[in-house]
Each structure stands twice: as structure tokens, then as C-alpha cells.
Peer 1: 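Have a look at the structure that comes next, please.
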Amino acid sequence: MPELPDVEVYRRRLDRGVLNKTIRKVSVSDSRILDGVNAATLARRLKGRRFVDTRRHGKHLLVRLDKGGWVHFHFGMTGAVHHIRDGDRPLPYTRVRFDFSDGDHLAYTSKRLLGRVGLTADADAFVAEHALGPDALDSEMDLAAFRKALSGTTRAVKAALMDQEALAGIGNVYSDEILFHARIDPRTPATKLDAAKMRRLHRTMRRLLETAVERGAGSDDFIDRVPRGWLLPHRHKDGRCPRSHGALATYKIGGRTSYFCPRCQR
DNA sequence: TTAAGTGTTGCTCT
DNA sequence: AAGAGCAACACTTA
């Protein structure tokens, strides 16, 4: 479920496991995953290089190469990166594999092929080209910046939270979670949030995203570590509100299903 | 068997 | 012009 917290966990995984190792080989098993580069060029550009730094902006992960340039990763709905140790079994749906000289490899997996991997010269330029708004967890995302990100739109607050050009990093699952904890109806027009609700929404957003990162969002066992009282495990047909225990309501926005509690969120 | 789904893009319609 | 709705992408699961 790669939204901001998941991608941040992936980023830390790379920081811990694969920085400064020499890339020996890059293999692409399905080139549909590549964005603006072919497999041969990607391999040629990376061979002999090292990953030296990581950056995340919203749901995008950028990894800097020594001697310049970055590899960018986007995960779609089913993507991830894994540090696979020498001798361990390769993962199914590995679409791009970066082999290091110590025998370990970095696996970029994507079941549904909705993500993308590519090269970019400059991380800031990449963010600008994709018209990404400020990152939802960046230190500069204070109340004033948050208010600005949601201002000037009559859209439902849920749609505004998910708009990557307004605020980068929040998707369907976390927008539901944040609105649930802030006790705001997802259909509320963003313009109609008063100062108190805006403050509550901002604080809730930061707290939940931080907690999700701490708990290892995006890891296989995250489901076992989801804090009590979160909506996440109840987002399914017949799910009940963990607070009021009433039936959850759903409605569609942009083809996505939104779950909320009509008693707690108004 | 059918449909829905964590994301994004691009197109149509209002 | 903003914003909603929809299809497409490939595959799994309910």
C-alpha cells in the first residue's frame, strides 16, 4: 500500500542496507515498468556506480548515484523495494534487480506493473516536473503551509488531501485514516473547515503519518503492529467503526472507495 | 464467476 | 476553468 509512510520505510531500508555498495549488474524482467529509459541504457548507466543518498517526496523515492544522477522509483498500488541478501531466494514479481558486488541485491517488485522506475538528472527538477506539492511530512509542512495546501478549493476535503499537486504523499487509505481520527466527514468541502478543524486535521495528519512510519508501514508484518483504534483493519465490507462499533459507510470518489463512520465523523 | 482494489494518467462532460 | 467520472494498466482475492 505504498503511500507516504510505506515509501519512507522503503527509503530507510535502502539507507540501512544498500548505500555505498557497488552495482555490478542491473536486470529488467519487464521493461513496461521503465519510465523514459530502456533496459540497456539503465544497466549501462548504473554499472560500476554506487547509491549514495536517498530522498523521498510524497510517494516518490529518489536514490542518488555517485558521480551524479538519480534513480527514481514510484510504486503504484503494489510495488515495493527489498534488500535481498546473498543466497536468499529472489522475490516473485521482481521487475528490476540491482545486483551489488557483495552478492546482495535490491529488488524492485511490482505485481500489477503500475509503478515506474527511471533516471533523472536532478531530484528538485523531478519534483517540479511532476508538479508535486509540498511533502506532507516535511518539517516545513506547518499549520500555515497545510492551510495553504487545502485552500482555494471547493472539493471534498478527502479529495484535497489526496491531490498530489496540493500535498504530496497521502492516498486513499491514509486520507480515510486521518479524517477518521480528526472526526471529519470526508465529504466536507475543504473551504468549510473552520480554524479548529483545520488545526485538528493538520495535527492528526502529522501524528498518524509519523506513527505509521515508526510501526513499519509497508512491511509484511505491519498489519500486526497497526495501533488499536485505527480504521485501517476495518476498511472492508461489513467493517465496523473501532470507536462507536457502528457500521462503516462507504462512498466513491474518483473510483476509489472511501470508508468512514457517519456517527463519529461529521 | 464477477468485481473490486492501495495509484496515476488522460480524456470527456458539465 | 475546476472538478467529477471513467477507463486503462495486470493481477489477486473475496
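Numbers restart at 1 for each chain; the letters A, B, ... are given by sequence-line order, proteins then strands.
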Peer 1: Reckon A/Thr257 touches a base, only the sugar-phosphate, or nothing at all at heavy-atom distances under 4.0 Å?
Peer 2: sugar-phosphate
Peer 1: How far does the P atom of C/dC6 sit from the matching atom of B/dA4, given to the nearest Å?
Peer 2: 12 Å
Peer 1: Does a donor on one side chain sit under 3.5 Å from an acceptor on the other, for A/Thr41 and A/Asn38?
Peer 2: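 Yes, because at least one side-chain N or O of A/Thr41 sits under 3.5 Å from a partner of the opposite role on A/Asn38.
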Peer 1: For B/dG7, does either OP1 or OP2 sit under 4.0 Å from a side-chain N or O belonging to A/Thr78?
Peer 2: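 A/Thr78 to B/dG7 OP1/OP2: no side-chain N or O under 4.0 Å.
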Peer 1: Whole Å only: how far is the CE atom of A/Met77 from the P atom of B/dA4?
Peer 2: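 About 13 Å, once rounded to whole Å.
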Peer 1: What is the distance from NE2 of A/His236 to P of B/dT6, rounded to the nearest Å?
Peer 2: 12 Å
Peer 1: Could you state the OH-P distance from A/Tyr93 to C/dC9, rounded to the nearest angstrom?
Peer 2: 18 Å
Peer 1: From CG of A/Asn172 over to P of B/dA4, roughly how many Å is that when rounded to an integer?
Peer 2: 15 Å
Peer 1: Could you tell me the separation between the NE2 atom of A/His74 and the P atom of C/dC9, rounded to a whole number of Å?
Peer 2: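 Spelled out: NE2 on A/His74 to P on C/dC9 is 19 Å.
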Peer 1: Considering only C/dT12, B/dT6, C/dG3, which nucleotide approaches the side chain of A/Thr154 most closely?
Peer 2: C/dG3
Peer 1: Output, in order, the C-alpha distance, side-chain angles, deciding distance and verdict of side chain to side chain contact (heavy atoms under 4.5 Å, CB included) for A/Leu231 and A/Val173.
Peer 2: CA-CA 9 Å; A/Leu231 183 66; A/Val173 168; over 6 Å; no
Peer 1: Please state how far atom CG in A/Leu132 lies from atom C1' in B/dT8, giving the value in whole angstrom units.
Peer 2: 11 Å
Peer 1: Once hydrogens and angles are ignored, does a donor-acceptor distance under 3.5 Å link the base of B/dG7 to the side chain of A/Arg256?
Peer 2: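 Such a pair is found, so the answer is yes.
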Peer 1: Taking the six-membered ring where the residue is Trp, are the ring centres of A/Phe51 and A/Phe98 under 6.0 Å apart?
Peer 2: yes
Peer 1: Identify whether any heavy atom of A/Leu114 sits under 4.0 Å from a base atom; if not, whether one sits that close to sugar-phosphate; answer base, sugar-phosphate or nothing.
Peer 2: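 Base contact - A/Leu114 has a heavy atom under 4.0 Å of at least one base atom.
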Peer 1: Verify whether one side chain among A/Ser110 and A/Arg95 offers a donor that lies under 3.5 Å from an acceptor in the other.
Peer 2: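 No, because no side-chain N or O of A/Ser110 sits under 3.5 Å from a partner of the opposite role on A/Arg95.
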Peer 1: Considering only side-chain heavy atoms of A/Lys111, which listed nucleotide, B/dG5, B/dT6, C/dC11, is closest?
Peer 2: C/dC11
Peer 1: Across the strands shown, which category fits A/Lys59 at heavy-atom distances under 4.0 angstrom: base, sugar-phosphate, nothing?
Peer 2: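 The answer is sugar-phosphate, as A/Lys59 gets under 4.0 Å only of primed atoms, P, OP1 or OP2.
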Peer 1: Which value, in whole Å, describes the distance between the P atoms of nucleotides C/dC9 and B/dT1?
Peer 2: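 That atom pair is separated by 22 Å.
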Peer 1: When both hydrogen-bonding distances must be under 3.5 Å and the geometry is Watson-Crick or G-U wobble, what is C/dA4 paired with, if anything?
Peer 2: B/dT12
Peer 1: Please determine whether a side-chain nitrogen or oxygen atom of A/Arg155 lies at a distance below 4.0 Å from atom OP1 or OP2 of C/dA4.
Peer 2: yes
Peer 1: How long is the line joining NE2 of A/His130 and P of B/dG7, in whole Å?
Peer 2: 17 Å
Peer 1: Rounding to a whole Å, what distance do you find between A/Arg116:CZ and B/dG10:P?
Peer 2: 11 Å
Peer 1: What do the steps show when you test A/Asp194 against A/Lys197 for side chain to side chain contact (heavy atoms under 4.5 Å, CB included), and what is the final call?
Peer 2: CA-CA 5 Å; A/Asp194 61 26; A/Lys197 283 198 168 111; 3.4 Å; yes
